[in-house]
Amino acid sequence: MGLELYLDLLSQPCRAVYIFAKKNRIPFEFKHVELFKGQQFTEEFKKVNMLKKVPALKDGPFLLAESTAILLYLSRKYNTPDHWYPSDIEARARVDEYLSWHHTNIRANAPKTMWIKVLIPLLTGQSLPPEKLQEVMEGLATSLKQFEEKFLQDKPFIVGSEISLADLVAIVELMQPVAVGCDVFEDRPKLAEWRNRVEEAVGEELFQQAHELILNIKELSNIQVDPRLKEQLTPVLLKMLK
Amino acid sequence: MVVELYLDLLSQPCRAVYIFAKKNNIPFEFKDVVLFKGQHMSEEFGKVNPLRKVPALKDEAFTLAENTAILLYLSRKFNTPDHWYPSDGQKRAKVDEYLSWQHTAIRAQGSKVFLIKALVPLLMDKPFPPEKLEGAIEELNSTLKQFEEKFLQGKLFIVGNEISLADLVALVELMQPVGAGYDVFEGSPKLAEWRHRVEEAIGKELFQQAHEAILNVKDMAAAAAQLDPQLKEKLKQLLQKNLK
Ligand SMILES: N[C@@H](CCC(=O)N[C@@H](CS)C(=O)NCC(=O)O)C(=O)O
Ligand SMILES: N[C@@H](CCC(=O)N[C@@H](CS)C(=O)NCC(=O)O)C(=O)O
């Protein structure tokens with residue numbers, strides 16, 4: 001049995017894994033786990049990832065969750081070009097540093113825009129007061145400032161002149177606010193130029209293809225959401241609505 | 001020049017770096033950054049880590065932030081025993097998986113219990129309503145359940161028979177609520193046995209030494225009492241914001 005990747009391209013870490021696998025011509029079976037249909041809660045998927053999250057990997061009997069772990073596993077197993085995870089010890093540490101910082105910064109802030117603008121109205125029929133979005137955008141702005149000053153600086157990419165896993169993981173996350181009309185690149189020329197470079201390095205076509213679904217998220221407003229998903233998300237939503 | 005490590009042992013990721021460096025006889029200069037004195041806000045420290053967090057590393061001209069990045073850098077540079085970050089592809093992936101998962105799970109929930117239970121009473125003028133702590137403990141408990149079922153399972157350590165970076169990073173985080181008086185190991189024999197194994201693998205003495213500060217609540221209270229007023233105000237705002 002070959003490599004299976006469990007993905008939903010609405011999810012940003014899934015897009016990172018998808019783009020990485022495609023770009024590096026890694027053969028895999030695309031297993032679609034539709035989050036809106038609650039397919040992450042099925043017994044079948046629980047056997048692949050009991051955390052009930054995508055992305056997840058199955059390689060024969062070997063199971064793996066967490067996008068960064070999956071990216072690193074694939075990079076080693078398929079011996080992908082060095083620039084993705086440089087063997088130079090200092091450059092590699094820079095990638096690790098970003099991949100760690102990412103979790104509680106860009107990853108924590110950027111998806112909240114999607115929650116507020118699309119998911120909460122879709123799931124609860126209610127909207128949050130505009131101050132909420134403003135608060136989230138402020139948090140995101142702080143993270144983006146640190147991203148530019150500490151991580152990107154004046155380099156073309158996070159670790160220098162070539163794309164690495166760090167850039168890939170960052171860009172997919174920042175496309176989430178873009179998809180709901182919070183264009184974080186608009187007033188940030190340096191960030192916008194970096195985005196162009198990343199898209200080019202990935203390949204425009206592949207980048208577009210991976211982002212097609214999320215960039216049309218607004219068309220999902222009439223989607224039928226799985227009741228179990230609603231139930232699972234209610235506590236999270238209630239917390240946000242406070 | 002030896003590697004400089006900027007640490008405050010009240011901080012759990014700092015303890016992981018400290019224990020790892022000591023255990024592997026990595027020569028380093030211990031640079032004290034006392035968080036309670038606001039030393040991470042100093043001009044000097046800003047040059048080492050503009051994110052103004054500990055731990056941070058300086059190796060000649062090279063500076064590095066983030067606990068896991070520092071641990072991996074040290075493991076590569078000093079070629080530490082393989083079990084910390086196994087060269088076997090699947091085992092290594094399991095360490096990566098844990099190190100990624102913990103940020104928004106054990107680290108997030110454990111710190112929250114610590115902040116509400118230990119820091120809020122020391123810093124805030126009035127206590128939080130008890131539901132806050134109860135909610136945080138509930139979340140921590142469901143995360144611990146995932147930790148046992150998904151990561152530890154029936155194994156001795158997260159990746160099998162030997163200690164790895166994953167166990168080290170996990171245990172220092174779990175000692176944070178313990179320091180605040182919420183013993184996560186009580187009533188959880190499997191977790192308690194794992195803790196013993198990890199302590200033994202590290203060495204009891206080193207483990208104790210690294211945790212002396214966090215396990216001494218009285219000292220922490222004394223340090224908090226001497227807090228610079230401006231810093232206290234800032235910390236209060238941070239707590240208020242983070243614990244909403
Ligand atoms: N840290 C994980 C995050 C995975 C994650 O949060 N996945 C989301 C989609 S972006 C998910 O599967 N959510 C389903 C749910 O929580 O029900 C990673 O990087 O892989
Ligand atoms: N993800 C970072 C977290 C570092 C961190 O949050 N450090 C805390 C102490 S545990 C700190 O320096 N806080 C000071 C502040 O935020 O002002 C790591 O693993 O190194």
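In what follows, every chain begins at residue 1, and chains take the letters A, B, ... in the order their sequences are listed.
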For A:Ser100 and B:Thr68, what are the C-alpha separation, side-chain angles and deciding distance, and is it a side chain to side chain donor-acceptor pair (under 3.5 Å)? CA-CA 7 Å; A:Ser100 170; B:Thr68 46; 3.3 Å; yes

Criterion side chain to side chain donor-acceptor pair (under 3.5 Å) on A:Asn24 and A:Thr80, from CA distance to verdict: CA-CA 7 Å; A:Asn24 290 292; A:Thr80 57; 4.9 Å; no

For A:Gln12 and A:Ser67: C-alpha separation, side-chain torsions, deciding distance, then whether side chain to side chain donor-acceptor pair (under 3.5 Å) applies. CA-CA 9 Å; A:Gln12 48 286 42; A:Ser67 60; over 6 Å; no

A:Gln40/A:Arg228 under side chain to side chain donor-acceptor pair (under 3.5 Å): CA gap, chis, key distance, verdict: CA-CA 10 Å; A:Gln40 68 275 37; A:Arg228 236 176 332 169; over 6 Å; no

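Proximity to chain A (any heavy atom under 4.5 Å) is shown, for B:Ser100, by both the backbone and the side chain. Residue B:Gln102: no heavy atom, backbone or side chain, is found under 4.5 Å from chain A. For chain B, the nearby part of A:Leu72 is the side chain; its heavy atoms alone come within less than 4.5 Å. Proximity to chain A involves both the backbone and the side chain of B:Thr63, based on heavy atoms less than 4.5 angstrom apart.
The CG atom of B:Leu140 sits 10.5 Å away from atom CD of B:Glu173, with the distance rounded to the nearest 0.5 Å. We find the CG-CD distance between A:Leu140 and A:Glu173 to be 10.0 Å, quoted to the nearest 0.5 Å.
Of the listed residues (A:Arg76, A:Gln146, A:Glu149, A:His102), the greatest number of heavy-atom pairs within a distance under 4.5 Å of chain B belongs to A:Arg76. Ranked by non-hydrogen atom pairs under 4.5 Å with chain B, the options A:Trp101, A:Phe62, A:Tyr73 are led by A:Phe62. Here B:Ala65 is the residue among B:Ala65, B:Ala69, B:Gly89 with the most heavy-atom pairs under 4.5 Å with chain A. For the set A:Arg94, A:Lys53, A:Glu90, A:Met50, the count of heavy-atom pairs under 4.5 angstrom toward chain B peaks at A:Glu90. The greatest number of non-hydrogen atom pairs below 4.5 Å with chain A, out of B:Gln90, B:Gln146, B:Lys53, is found for B:Gln90.
A donor and an acceptor atom, one from each side chain of A:Gln176 and A:Arg107, are nowhere located under 3.5 Å apart. Counted by atom type alone, B:Glu97 and A:Thr68 present zero donor-acceptor pairs between their side chains at under 3.5 Å.
Contacts between residues 77-87 of chain B and chain A, counted as heavy-atom pairs separated by less than 4.5 Å, involve B:Lys77, B:Tyr85. At a heavy-atom cut-off of under 4.5 Å, chain A is reached by B:Lys112 from residues 110-120 of chain B, listed in order of number.
Between A:His103 and B:His103, the ring planes are parallel. Angles under 30° get that label, and only those over 60° would be called perpendicular.
Side-chain rings of A:Phe147 and A:Tyr98 approach one another, their centers coming within less than 6.0 Å.
Using a 4.5 Å cut-off on side-chain heavy atoms (C-beta onward), A:Leu35 and A:Val54 make contact.
Geometrically, B:Lys22 does not engage B:Phe30 in a cation-pi contact defined by less than 6.0 Å to the ring centre and at most 45° from the axis.
Between the side chain of A:Lys58 and the main chain of A:Gly60, a donor-acceptor pair closer than 3.5 Å is present. At least one donor-acceptor pair closer than 3.5 Å links the side chain of B:Lys58 to the backbone N or O of B:Glu60.
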